[in-house]
2 protein chains.
Amino acid sequence: MGIRANSGADRKNIRLVLTDAGLRPTRQRVSLAELLFARGDRHISAEGLHEEAVTERVPVSLATVYNTLNQFTSAGLLREVAVVGNTTYFDTNVGDHHHFYLEDDQVVFDIPGKGVEVGALPDAPEGMEIVKVDVVVHLRRKVTQVQ
Amino acid sequence: MGIRANSGADRKNIRLVLTDAGLRPTRQRVSLAELLFARGDRHISAEGLHEEAVTERVPVSLATVYNTLNQFTSAGLLREVAVVGNTTYFDTNVGDHHHFYLEDDQVVFDIPGKGVEVGALPDAPEGMEIVKVDVVVHLRRKVTQVQ
DNA sequence: CTGTGTGCAAACTCTTTGCATAAGT
DNA sequence: ACTTATGCAAAGAGTTTGCACACAG
């Protein structure tokens, strides 16, 4: 069912979840999972997570961060968030919910509460099935007149 | 108001629209606009448009295609479509509507008709305003059992 | 003629890959 | 021990940029 911060994202729990997902609980994967799931919902890029790992004295290479994020996503522990741009964001909240994208800062965050209701979903075309629905509300900082 | 194929996307019209947008109607820009707007709604990448231009004997460099697509987007003639991945897709339909993204083929197409209704939009956070809303319904080809 | 646009190649960013080394079970 | 993961550096996409030449008004 994924890793939830408030269910105690401690090492034991994390190792269990990784094992269940068919992923060896290596030092790097456990540490990255801790960083990712310790503080509840996060939206982070590979580069961002790597920097954080370096700061936290977790020895891990950028390539491994990419591998790990993709593996976690395949395992359903993370979800990729669609935004325009060349950077991929990963969301620790796997449930159905949607996102604000602040264009000025290139930052992603959850739309709080029941902010968006996607009404009737379209039927998937013949022979296809819906994998997920991403709603991204693009924001810009309001231009305030200087007085 | 943009360029609409069925309003006659001929050279005269295109030159006018470009001029109104503050863009000089150069050979390349007019030709690219023709390719983009000749056949109604399209979703195309820079690389794809460049290949098409080459096929159509329109002499234009890839860098110019990128420039042009970005300029058209700034001018409101195109709209960027949000999908995960490293390729940016541009949509000739600037109106409010949403997209299917076929993951297997990395192809974008419009959701036909009134397939999606985004209900109440969330309030933009303090000091910000909503620029646009992108809904992307990810599809996968249904796995059919071999018998 | 004057200023803007274009083409080319190089630079840049993000991401993936190949292979030797290290670590998990 | 055996297998899988990691790190490094290099390769690979996609995109942007700098500067000389070409073109539109």
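Remember, predicted model here, so these are calculated numbers, not experimental data. In the text below, chain A, chain B and the rest are named by the order of the sequence lines, each starting its count at 1.
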Gap between atoms CG and C1', on A:N86 and D:dT17 respectively (whole Å): 15 Å
Does the side chain of B:T68 come within less than 4.5 Å of B:L23's, by heavy atoms? no
Are the aromatic rings of A:Y89 and A:H43 close, with centres under 6.0 Å apart? no
Aromatic rings B:F100 and B:F109: how do their planes relate, parallel, tilted or perpendicular, breaks at 30° and 60°? tilted
Between A:L69 (CG) and C:dT15 (C1'), how many Å, whole number? 12 Å
Need to verify one output field. Residue with the more 5' nearest nucleotide on DNA chain D, B:F90 or B:R15? B:F90
Given atom NE2 of A:H50 and atom C1' of C:dC14, what is their separation to the nearest angstrom? 14 Å
Less than 4.0 Å between a side-chain N and a carboxylate O, is that true for B:E52 and B:R42? yes
Nearest whole angstrom, please: distance from the C1' of C:dT13 to the OH of A:Y89. 13 Å
d(CG, B:L16; P, D:dG25) in whole Å: 13 Å
Are OP1 or OP2 of C:dT15 and a side-chain N or O of A:Y66 less than 4.0 angstrom apart? yes
Nucleotide N/O to protein N/O under 3.5 Å, stretch nucleotides 2-9 of chain C:
| from | atom 1 | to | atom 2 | distance (Å) |
| --- | --- | --- | --- | --- |
| C:dG3 | N2 | B:R24 | NH1 | 3.2 |
| C:dT4 | O4' | B:R24 | NH2 | 3.3 |
| C:dG5 | OP1 | B:R29 | NH2 | 2.6 |
| C:dT6 | OP1 | B:T26 | OG1 | 2.8 |
| C:dT6 | O3' | B:Q28 | NE2 | 2.7 |
| C:dG7 | OP1 | B:Q28 | NE2 | 3.2 |
| C:dG7 | OP1 | B:P59 | O | 3.2 |
| C:dG7 | OP2 | B:S61 | N | 3.0 |
| C:dG7 | OP2 | B:S61 | OG | 3.3 |
| C:dG7 | OP2 | B:T64 | OG1 | 2.7 |

Starting from the C-alpha separation in whole Å, work towards a yes-or-no answer on side-chain hydrogen bond (donor to acceptor under 3.5 Å, both in side chains) for B:D91 and B:H97. CA-CA 11 Å; B:D91 186 349; B:H97 69 286; 2.7 Å; yes
Using whole Å, what does the distance between atom P of nucleotide D:dG14 and atom CG of B:N70 come to? 15 Å
Can you check the B:I44 CD1 to D:dG14 P distance for me, whole Å? 14 Å
At under 4.0 Å between heavy atoms, what does A:T88 touch on the DNA or RNA strands: base, sugar-phosphate, or nothing? sugar-phosphate
Derivation and outcome, salt bridge (Lys or Arg N to Asp or Glu O under 4.0 Å), residues A:R140 and A:E103: CA-CA 6 Å; A:R140 203 175 293 159; A:E103 297 187 346; 3.6 Å; yes
